Amino acid sequence: MKKRIAILGSTGSIGLQALNVIRNHPDLFEVEVLTAHSNYERLIQQAIEFRPNTVVITNKNHYSKVQDALSAYDIKVFAGDKSMTDVMEMSTIDMVLTAVVGFAGLRPTLRAIEYGKTIALANKETMVVAGKMVTDLARDKGVAILPVDSEHSAIFQSLVGETFNPIHKIFLTASGGPFYGKEVDFLRNVTLADALKHPNWVMGKKVTIDSATLMNKGLEVIEAKWLFNVEVEQIEVVVHPQSIVHSLVEFEDGSIKAQLGLPSMELPIQYAFSYPMRLTSNLPRFNFSDYPQLTFGRPDRDTFQCLDLAYQAIEKGGNMPCIMNAANEIAVQNFIEEKIHFLDIPLIIKAMMENGRFIDKPTLDDLLETDFELRIKTQQWIDNKHN
Ligand code: NDP
Ligand code: MG
């Protein structure tokens, strides 16, 4: 029987690549649910091609356009955030790919786990804000969370066959982003266009900016802590500008395993879909003569302060990662709208982390409230500073 997959955020960068994987393996996978936020035209096209059971457009303003366009097909159409969460209960879903960006992924992911769906996790923000809640629930429900983030997929692949061998250390590789090796003076003058030019990966705007600030690596340290049940001290960030070694695991005997390949998100997406099997792919193959040197170095934590902010947030625990995440989402949004400067991003996050209402053991409602409050607070702080 085919695996029936729900894709949350099918119109984004990960969503599109996931659909490509399904297109290449129609005998193994089928699309059960697609969701989009504002790109209704793309959602309609995808629905007509893949004929899911259900689509959800979370921005309700576009509901009637989607409904009208799909009225001739046997496809249910819903709108709004609540629907995206509610459809996770459908008994016909086997696996959920969480490819929405940001905090919006939290509620549907929790609901999907509650209903026993295997999770292919791209939406790292969910693990950042609620890693303990998500992993505890998954353990209780016996649900597997399969990483899609390339570094975490590499770690996961390195752990195959190592069930009884504890992890000694994780080396989390980072490309360093477009500003690797640059100093603060240089960063003062960078533009949005500069920050969007990632050397190795083509991704959605938010994660591309997170890569430029190194917040992405901070989020990934937290994601790795929860996914692999290790202490933050066991995770070392290593800058590897070629993005060929996707991450490494060191075991107790000092042996290190890694997963390598050309940078492509289709590979980790496909591996999560087909795990524990490997499927064929027609992606370009690694060639040693193209990469005579693979280099490794330390991140510059003084210049790229977001990485340390993430370490501080996870060390503090409670709702602090949620505070940090909300501040980062709003700061990045403002940077994308060219309302603030690149170097304002860490300053804003730091200020919000110092001012946010700390909760030691947050419930889901506490996290929802923290996220809501901090978004408003961060925007107010930015507006006050820049008016
Ligand atoms: P994109 O911005 O390209 O896509 C985001 C998707 O989420 C779109 O389908 C978008 O819909 C939808 N969306 C946006 N806002 C909301 C919202 N408020 N509610 C519901 N849906 C929403 O992001 P990416 O694909 O780049 O990233 C998705 C996730 O995967 C992120 O968490 C990112 O960190 C992670 N990731 C991405 C990688 C990549 O290579 N892109 C690599 C590793 C991890 P619409 O476009 O219709 O508005
Ligand atoms: Mg990554």
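The chain is numbered in sequence order, starting from 1. For clarity, every value in this text was computed on a predicted model and none was experimentally measured. Both counts, for ligands and for their atoms, begin at 1 and track the order of listing.
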Quick one: do [X] and [Y] make a salt bridge, cutoff under 4.0 Å?
{"X": "Arg357", "Y": "Glu369", "result": "yes"}
{"X": "Arg298", "Y": "Glu236", "result": "yes"}
{"X": "Glu220", "Y": "Lys225", "result": "no"}

If the condition is side-chain contact (heavy atoms from CB on, under 4.5 Å), which residues does Leu260 pass it with, not counting sequence neighbours?
Ile244, Val245, Ala258

Counting both backbone and side chain atoms, is some N or O of Asn39 under 3.5 Å from an N or O of ligand 1?
yes

Numbering the atoms of ligand 1 from 1, which are under 4.0 Å from a heavy atom of [X]?
{"X": "Ala99", "answer": "5 (C), 6 (C), 7 (O), 28 (C)"}
{"X": "Ala122", "answer": "30 (O), 32 (O), 35 (C), 36 (N), 44 (C)"}
{"X": "Ala104", "answer": "17 (C), 18 (N), 19 (N)"}
{"X": "Ser38", "answer": "45 (P), 47 (O), 48 (O)"}
{"X": "Ala36", "answer": "47 (O)"}
{"X": "Gly9", "answer": "6 (C), 7 (O), 9 (O)"}

Are Phe251 and Phe171 connected in the hydrophobic side-chain network, where two residues link if heavy atoms are under 4.5 Å apart?
no

Quick one: look up the protein heavy atom nearest [atom] and list residue, atom name and how far away it is.
{"atom": "atom 32 (O) of ligand 1", "answer": "Glu125 OE1, 2.6 Å"}
{"atom": "atom 20 (C) of ligand 1", "answer": "Thr58 OG1, 3.3 Å"}
{"atom": "atom 34 (O) of ligand 1", "answer": "Lys124 CE, 3.1 Å"}
{"atom": "atom 26 (O) of ligand 1", "answer": "Gly204 N, 2.9 Å"}
{"atom": "atom 14 (C) of ligand 1", "answer": "Val101 CG1, 3.7 Å"}
{"atom": "atom 4 (O) of ligand 1", "answer": "Gly12 CA, 3.1 Å"}
{"atom": "atom 43 (C) of ligand 1", "answer": "Asp149 OD1, 3.1 Å"}
{"atom": "atom 41 (N) of ligand 1", "answer": "Ser13 OG, 3.1 Å"}

Hey, is the main chain of [Y] close enough, under 3.5 Å, to the side chain of [X] for a donor-acceptor pair?
{"X": "Gln259", "Y": "Ser247", "value": "no"}
{"X": "Ser211", "Y": "Val207", "value": "yes"}
{"X": "Asp194", "Y": "Val190", "value": "no"}

What part of [X], side chain from CB on, backbone N/CA/C/O, both or neither, has a heavy atom under 4.0 Å from ligand 1?
{"X": "Met265", "answer": "side chain"}
{"X": "Arg42", "answer": "neither"}
{"X": "Val207", "answer": "side chain"}
{"X": "Asn123", "answer": "both"}

Side chain to side chain contact (heavy atoms under 4.5 Å, CB included), paired with Thr54, selected from Leu34, Ile93, Val87, Val77:
Val87

Under 3.5 Å side-chain donor-acceptor pair for [X] and [Y]:
{"X": "Asn287", "Y": "Ser289", "value": "yes"}
{"X": "Lys76", "Y": "Asn53", "value": "yes"}
{"X": "Gln242", "Y": "Thr295", "value": "yes"}

[options]: member with heavy atom nearest to [atom]:
{"atom": "atom 10 (C) of ligand 1", "options": "Val100, Leu8, Thr11", "value": "Thr11"}
{"atom": "atom 38 (C) of ligand 1", "options": "Ile14, Thr208, Thr126", "value": "Ile14"}
{"atom": "atom 22 (C) of ligand 1", "options": "His37, Met84, Glu151", "value": "His37"}

Output side-chain donor-acceptor pairs under 3.5 Å for residues 279-286, partner residues at least two apart or in another chain, one line each.
{"residue": "Ser281", "atom": "OG", "partner": "Leu283", "partner atom": "N", "Å": "3.3"}
{"residue": "Arg285", "atom": "NH2", "partner": "Ser281", "partner atom": "O", "Å": "2.8"}

Among N, O or S atoms, Asp149 approaches the Mg ion (ligand 2) most closely through OD1

